[in-house]
Amino acid sequence: MVEVTLPDGTAKSLDSGATGADLAAAIGARLAKAALVVKVDGRLTDLSTALPNGATVEIVTAASADGLDVLRHSTAHVLAQAVLRLWPGAKYAIGPTITDGFYYDFELPNGARFSDDDLERVADEMRAIMREDQPFIREEHTIDQGLAIFAEQPFKSEIIRAVGTAATEEDLREVGDGGAVSTYRNSESFTDLCRGPHVPSTSRLGFFKLMRVAGAYWRGDEKRPQLQRIYGTAWDSKEALELHLYRLEEAERRDHRKLGQELDLFSFPTEIGPGLAVFHPKGGTLRRLMEDYSRQRHVDGGYEFVTSPHITKAELFETSGHLQWFADGMYPPMELDEGQRYYLKPMNCPFHVLIFKARQRSYRELPLRLFEFGSVYRYEKSGVVHGLTRVRGMTQDDSHIFCTREQMNDELTSLLEFVLDLLREFGLNDFYLELSTRPPAKAVGSDEEWAEAEATLESVARAAGLELVLDEGGGAFYGPKISVQARDAIGRTHQMSTIQLDFQQPKRFEATYIGPDNQRHRPIMIHRALFGSVERFIAILIEHYAGALPTWLSPEQVRVLSVRDDHDDYAFEVASLLRADGARVVVEPASEPLGARIRKAKMEKIPYVLVVGDDDVTSGTIGINARGSNDPERGVSLDDFRHRFANEVASHGRPEE
RNA sequence: GCCUGGGUAGCUCAGUCGGUAGAGCAACGCAUUCGUAAUGCGUAGGUCGGGAGUUCGAAUCUCCCCUCAGGCUCCA
């Protein structure tokens, strides 16, 4: 007999040798059917494993995150089996789960590659394997046996050889640790190296979709062979799968590139070049509004406004160290004046250091906060540019704060407050912080300096009271950083502002100030971009709001429509009164049917459509059709609307709220 | 940079076997004067991403380049 404890605390006695499957059956038929794996003392295990006496055991179904993860991992195995059936001689590498799904990497014989059409064939083969109801049979081997089993499989062999020596997190996921390797056999012809656990049989799978093929470097190293990767998603029901696909479509509808086109905000003319955007009048208005607001807040926050040129001699970036680390990411230099090399600037900071150094500085001037909307150019690799979020030319709302070591903590604390407050004004409310520490390979500065900088940032971040995530080794070469991450309306997270602490640039540029002791001292420099880049921030706002921007940011806030053309004069009158209040208003006279003009305005996501007809002309009122509302208001007094509108603009609200 | 798939009118897309290009929307013109998501008719609009090649003939087949999308690598 074995006795186990269930999660609710009840004890259950079973025959000795009883498995997770037996336990599930003893609890109930429905559970037995839904069971995928068991959690024994917190460790996920196959249903077929005998339960140890005295264990705490939880039956895991697809209703839990663990269960779904197992389901996806098992589906990845089926994918591998299908590919090996269709491409005899294919080599298979790793097939982990990822958010909402899984992938598997392969090397096909004779350099063959997957095409999109192959996905359907592979999926059909997978369904066949699922119909065959193949069991997942766990087997354990010594390392030598493992190497023998996978003698023909170089990627598997490499993973096995790494066991106990240089195994990565990913390897362990595949094989487990402890000097032995485990495999899962589905049939005589297919065995995969895997730590498990797995669902009992392939028949338990089925609600999946292969999404796309992609190239992926073996072990993520671009110097190693590029494998063929297939991405898939898998769920426990048809409904869950369809809901997931629907969510993907929803995200597509919010895509800022699509909305930017539809709303006539910006474009990327091919004549200009990849990753280089032009903003159209409406997008330009949006930018102006954002920048104006930001400028005002910076004035209030005690910042000094500076500007710097777009190009500079190489020497500046040699001194800063950027050329040493990031020459690949910079546009190549132009040679001028007998071999003098000039670069487009990828960063604003060295310029701001030079402004600091332009004259002798006193401790009385610190903290000195320099701010600039600085345009920078970075030569991003051709495959990485992406809409407005990854561009080759962008404008950073960049500032550099020079302060003393003693001021550092307070300055960072108020800075973080400043940043979060401003982001909230743009409608982002759900934040967490990420602390990026010293990068392992490229970093300058002493261990002590890094330790102090990291400790300072960490204490400031903790004091902010937000969730804090560690990003080990993610810092810049000159210092660690805190980044503010924001969750958008559909739950995606975006890296927003970064705050970086830098002891190195002041040293490299030999920046000093005179302290109260009449001695020279080295200032600390804090780098900080709030929007990150204006372009990227616009992209995030567009996606967050699905194009329906808050009224204060809408390029066109109000459109006035006359019912008949003899109401046009009144429409223009209403518009000019609203304009006098500072509103951005367009009148569309009655040349088309009212319904058509309403529709057009709605599709342009204009916050307020005002309709004026006979009744309004006689009584000085308007009809209001607010964005997001299904029932238009009639006979509203113009003054009422002006107040309502002014309040909404001032509070940065939206008509939907 | 690498892998896969795209690029046809301003936008979204169709175009069979290689035979010289089409729709809807938008634009423009005329008519229509209308109370809350598409009024009707008409006109104009294309070196089919660019270049080379094969062919009597190329949007269509081949090669090179540009560019976009999804990944990988990278992101000061």
Side-chain angles (χ1 to χ4, degrees), chain A residues 103 105 113-119 211-231 252 255 257-258 261-262 264 267-275 317 320-330 345-350 376 378-387 389-391 396 439 442 474-479 481 495 498 500 502 505 527 529 532 561-568 589-604 609-616 622-626 629-635:
Chain A
Y103 66 78
D105 287 347
R113 301 194 178 97
F114 294 122
S115 73
D116 281 0
D117 296 338
D118 291 331
L119 287 185
M211 304 300 286
R212 47 184 46 103
V213 303
Y217 299 105
W218 169 232
R219 292 184 175 271
D221 182 346
E222 67 181 325
K223 290 180 193 67
R224 308 205 55 178
Q226 188 167 48
L227 306 178
Q228 292 285 300
R229 174 173 297 179
I230 292 179
Y231 281 95
E252 228 169 275
D255 192 312
R257 294 164 301 184
K258 189 177 155 67
Q261 162 90 267
E262 287 171 7
D264 195 18
S267 59
F268 294 89
T270 53
E271 293 86 340
I272 298 176
F317 286 108
S320 73
H322 288 97
L323 262 174
Q324 184 189 345
W325 303 113
F326 294 104
D328 286 353
M330 292 169 65
K345 71 169 166 181
M347 288 292 278
N348 301 304
C349 41
V376 298
R378 298 176 178 185
Y379 184 72
E380 300 286 1
K381 286 195 211 169
S382 66
V384 308
V385 294
H386 178 98
T389 59
R390 193 81 183 267
V391 289
Q396 294 181 314
K442 41 180 161 183
F477 68 86
Y478 48 73
K481 67 180 177 193
Q495 178 174 315
T498 59
Q500 295 175 308
D502 183 356
Q505 299 291 330
H527 301 241
L561 310 179
S562 48
V563 173
R564 232 179 20 248
D565 60 7
D566 48 322
H567 308 127
D568 285 351
S591 56
E592 271 188 295
L594 182 61
R597 286 176 289 151
I598 298 263
R599 178 168 190 270
K600 217 163 87 186
K602 289 285 180 185
M603 291 201 304
E604 291 176 48
V609 179
L610 304 186
V611 175
V612 294
D614 286 332
D615 301 348
D616 301 300
I622 53 171
I624 304 176
N625 190 330
S629 155
N630 286 323
D631 54 317
E633 304 158 54
R634 287 283 296 272

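Residue numbering restarts at 1 for every chain, and letters A, B, ... go by the order of the sequence lines. The structure presented is a predicted model; accordingly, all values stated were derived computationally and were not measured.
- When Watson-Crick and G-U wobble pairs are counted only if both distances are under 3.5 Å, B/A69 pairs with B/U4.
- In this structure, B/U62 forms a base pair with B/A52, meeting either the Watson-Crick or the G-U wobble geometry with both donor-acceptor distances under 3.5 Å.
- Of the candidates B/A76, B/U73, B/C34, B/A76 carries the atom nearest the A/Tyr478 side chain, counting heavy atoms from C-beta on.
- Within the structure, every side-chain polar atom (N or O) of A/Tyr379 is placed at least 4.0 Å from both OP1 and OP2 of B/C74.
- Nearest-nucleotide positions on RNA chain B place A/Gly623 closer to the 5' end than the other of A/Thr270 and A/Gly623.
- For B/U36, there is no paired nucleotide, since no Watson-Crick or G-U wobble pair has both relevant distances below 3.5 Å.
- The nucleotide whose nearest atom lies closest to any side-chain atom of A/Lys600 is, among B/A27, B/U4, B/A76, B/A27.
- Between B/C34 and A/Arg564, a contact under 4.0 Å exists linking OP1 or OP2 to a side-chain N or O.
- In this structure, A/Arg257 reaches the B/A69 phosphate: one of its side-chain N or O atoms is under 4.0 Å from OP1 or OP2.
- Contact annotation: A/Arg212 side-chain N/O to B/U4 OP1/OP2 distance is not under 4.0 Å.
- Below the 3.5 angstrom threshold, one finds a donor paired with an acceptor across the side chain of A/Arg390 and the base of B/C75.
- A 3.5 Å limit on both hydrogen-bonding distances identifies no Watson-Crick or G-U partner for B/G57.
- Using a 4.0 Å heavy-atom criterion, one finds that A/Ala216 contacts the sugar-phosphate atoms exclusively.
- For A/Ser382, a side-chain nitrogen or oxygen approaches OP1 or OP2 of B/G1 to under 4.0 Å.
- Between B/U67 and B/C61, the distance separating the two P atoms is 23 Å to the nearest Å.
- With hydrogens and angles ignored, no donor-acceptor pair under 3.5 angstrom links the side chain of A/Asp614 to the base of B/G35.
- At least one side-chain nitrogen or oxygen of A/His386 sits closer than 4.0 Å to the OP1 or OP2 atom of B/G70.
- Considering only the side chain of A/His322, B/A76 comes nearest among B/A76, B/U33, B/C3.
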